[in-house]
Amino acid sequence: MSMIAAFYGGKSILITGATGFLGKVLMEKLFRTSPNLKVIYILVRPKAGQTLQQRVFQILNSKLFEKVKEVCPNVHEKIRPICADLNQNDFGISKEDMQELLSCTNIIFHCAATVRFDDPLRHAVQLNVTATQQLLQMASEMPRLEAFIHISTAYSNCNLKHIDEVIYPCPVEPKKIIDSLEWLDDAIVDEITPKLIGDRPNTYTYTKALGEMVVHQEGRNLNIAIIRPSIVGATWQEPFPGWVDNLNGPSGMIIAAGKGFLRSLRATPMAVADLIPVDTVVNLTLAAGWYTAVHRPKSTLIYHCTSGNLNPCNWLKMGLYVLATFEKVPFEKAFRRPNADFTTNILSNQYWNAVSHLAPAIIYDFYLRLTGRKPRMTKLMNRLLRTISMLEYFINRSWEWSTANTEMLMSELSPEDQRVFNFDVRQLNWLEYIENYVLGVKKYLLKEDMAGIPKAKQHLKRLRNIHYLFNTALFLIIWRLLIARSQMARNIWLFIVSFCYKFLSYFRASSTLKV
Ligand SMILES: CCCCCCCCCCCCCCCCCCCCCC(=O)SCCNC(=O)CCNC(=O)[C@H](O)C(C)(C)COP(=O)(O)OP(=O)(O)OC[C@H]1O[C@@H](n2cnc3c(N)ncnc32)[C@H](O)[C@@H]1OP(=O)(O)O
Ligand SMILES: NC(=O)C1=CN([C@@H]2O[C@H](COP(=O)(O)OP(=O)(O)OC[C@H]3O[C@@H](n4cnc5c(N)ncnc54)[C@H](OP(=O)(O)O)[C@@H]3O)[C@@H](O)[C@H]2O)C=CC1
């Protein structure tokens, strides 16, 4: 019997960010392994014209929850959506709901965050710092609370090369930042943002670091653990391989590469591609929840949930695995044939951006205009290049995260728990994982049918022929122009023609002799 699964039985659990990528997988695993849990409260906001109930209905009726419905048929009754916006005071939660949360919650998983790299500082602080502070305040008023698990990121201290399982102080106290944001206007905040974030690449990593400091300072009387995952990818094993439902991180890049938009990247081929499957993160999170509540460590433990130190894979290998999978399961209606060129040189990257990305987009838009349609490819390509420029920081560096706490936690689990809540990435086979990831992107993100694969392959063949034809035509035109204008080009041409002639004459003569 799993001790962890038994621990969550009968518990009232509060999850923030349950509608997000990680939150959904967390909820699914909890229901599947501990169907006798009492209730899961989720803080949800209405979004995109959908009410809370509609959002929850959609999640519970998705493919991700198919297995849950078998083991926990009354899952609808055990999930309690609470209308909340983490940007508001007290999260805008009604008095009755707040009362219920305060008196009943046993465990908190705080997953909500803004994960956008380009968020203005004010918004990122509001969600990643102030909301965390408010949630800690709420937690301190919960008499039955056993553990508070805060999801951070392995990149919260990405300005360091080696990162230990400790909280590193930021030069400016989170409280001071929160206070000053109250009276500074947006223009000044934008101006001081680069100075505040210092050598971090964006407001996301900076505010996640501030969030950790808040947890450290204001959660002293609580039983807290912090999880720091690296780049979270599709599921590895559970509930089935390859599930993914958003475009963040590698998923969007896999689409862009598979559709032939992204063909070259400024990436360091040998840098570690620190991907971690979302189900691995969830298993570690649930194990940490159990350990924190049962063993009550004296200090806040930080768990690095990364793959690089135990089972490293680099970007070159990952790119090759992705490309190899495109051969087997190509995406439909690709713009160009998928290709992966990695360059570390800024100038050659700019060259490839112009030749491989912008030029084909401009030519295609010209064709669209000629055929009376609205041009769109150049705009899309510029957006993609902007996105890539924001990811470049992470694909040109390697980090070392120490994992003593994670390894300690693994050793504390019973053999049964090590199986049910497996977070040992040494068992991960990267090729198999990437194949399932690409397949998952095709099925769950692009909603493409497997029956369309032969047609997609046919389309890629046609693109290859167009590519050869285009290159040959381009070569001949350039060569013709050169011959017309340059004596040297003419000499080279005469040399090649006479060489071919001599070679053919020799070949003919020797075959006549043999006869
Ligand atoms: C050479 C070939 C290679 C071949 C093979 C290569 C294989 C694989 C390896 C490749 C290397 C992987 C590197 C990963 C590094 C990750 C590091 C993370 C480290 C930190 C980890 C964390 O702890 S952090 C959590 C992760 N956090 C993010 O990862 C957010 C980032 N991101 C944003 O911060 C915003 O994204 C940002 C960028 C501002 C743009 O912002 P933006 O406004 O311009 O664009 P949006 O993303 O908002 O999208 C606007 C609309 O485009 C739609 N769309 C977007 N992409 C689309 C697409 N590919 N295809 C169709 N449609 C797409 C979307 O659905 C929207 O549609 P609509 O407008 O209708 O809603
Ligand atoms: N994905 C990754 O690669 C990594 C993620 N992490 C961390 O994991 C956690 C989860 O990330 P992930 O699931 O990928 O992110 P998502 O963007 O998929 O999910 C974010 C969640 O936060 C909720 N949220 C955002 N703003 C508000 C708000 N104002 N009020 C209420 N809820 C809000 C979202 O709700 P809604 O659906 O309404 O928008 C959503 O449920 C984050 O803390 C992130 O920092 C760490 C490392 C890597």
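By convention here, the first residue in the shown sequence is residue 1. No hydrogens, no waters, no symmetry mates; every other heavy atom, side chains included, goes into these values. Atoms within each ligand, like the ligands themselves, are counted from 1 in listed order.
- Shown in contact with Ile151 at under 4.0 Å from a heavy atom are these atoms of ligand 2, numbered in order with element: 7 (C), 8 (O), 9 (C), 43 (O).
- Considering backbone and side-chain atoms together, Leu22 places an N or O closer than 3.5 Å to an N or O of ligand 2.
- Remark: distances from the non-hydrogen atoms of Ser230 to ligand 2 include one below 4.0 Å.
- Under 4.0 angstrom from ligand 2, the non-hydrogen atoms of Leu127 all belong to its side chain.
- The backbone N or O of Ala5 lies less than 3.5 Å from a partner atom in the side chain of Ser2, making a donor-acceptor pair.
- Geometrically, Arg397 does not engage Phe394 in a cation-pi contact, judged by NZ or CZ lying under 6.0 Å from the ring centre and within 45° of the ring axis.
- Residue contacts with ligand 2, taken as heavy atom pairs separated by less than 4.0 Å, involve Asn246 solely via side-chain atoms from C-beta onward.
- Under the 3.5 Å distance criterion, with hydrogens and angles disregarded, no donor-acceptor pair is assigned to the side chains of Lys38 and Asn106.
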- Would Ile388 and Leu384 satisfy side-chain contact (heavy atoms from CB on, under 4.5 Å), going step by step from the backbone distance to the final call? CA-CA 6 Å; Ile388 293 165; Leu384 176 66; 3.9 Å; yes

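- At most 12 heavy atoms of other shown residues, nucleotides or ligands fall within 6.0 angstrom of atom CZ in Arg144.
- Residue contacts with ligand 2: Gly23 is placed with no nitrogen or oxygen under 3.5 Å of a nitrogen or oxygen of the ligand (distance criterion only).
- For the residue pair Gln137 and Glu141, a side-chain donor N or O sits within less than 3.5 Å of a side-chain acceptor on the partner.
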Item to complete: Determine, step by step, whether Asn422 and Gln427 satisfy the side-chain hydrogen bond (donor to acceptor under 3.5 Å, both in side chains) criterion, reporting the C-alpha distance in whole Å, the side-chain angles of both residues, the deciding distance to 0.1 Å, and the verdict.
Response: CA-CA 10 Å; Asn422 179 19; Gln427 297 163 17; 2.9 Å; yes

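- The residue Tyr155 has no part lying near ligand 2, judged by heavy-atom distances below 4.0 Å.
- A search for side-chain hydrogen bond (donor to acceptor under 3.5 Å, both in side chains) contacts involving Gln88 returns nothing, not counting sequence neighbours.
- Contact annotation: Asp85 has at least one heavy atom less than 4.0 Å from an atom of ligand 2.
- Looking at Arg228, Arg45, Arg55, Lys208 and measuring to atom 37 (O) of ligand 2, the nearest heavy atom belongs to Arg55.
- Within ligand 2, counting atoms from 1 as listed, the ones closer than 4.0 Å to a heavy atom of Ala112 are 22 (O), 23 (C).
- Considering backbone and side-chain atoms alike, Cys111 places an N or O below 3.5 Å from some N or O of ligand 2.
- Within ligand 2, the atoms closer than 4.0 Å to a non-hydrogen atom of Thr153 are 46 (C), 47 (C), numbered from 1 in the order shown.
- In this model, no donor atom of one side chain and acceptor atom of the other lie less than 3.5 Å apart for Thr325 and Glu435.
- Sequence neighbours left out, the pairs with a member in residues 231-240 that pass salt bridge (Lys or Arg N to Asp or Glu O under 4.0 Å) are Lys29-Glu238, Arg32-Glu238.
- When only interatomic distances are considered, the shortest N/O to N/O separation between Ile231 and ligand 2 does not fall below 3.5 Å.
- Residue Val115 touches ligand 2 through its side chain alone, judged by heavy-atom distances below 4.0 Å.
- At a heavy-atom distance under 4.0 Å, only backbone atoms of Ser152 (N, CA, C or O) approach ligand 2.
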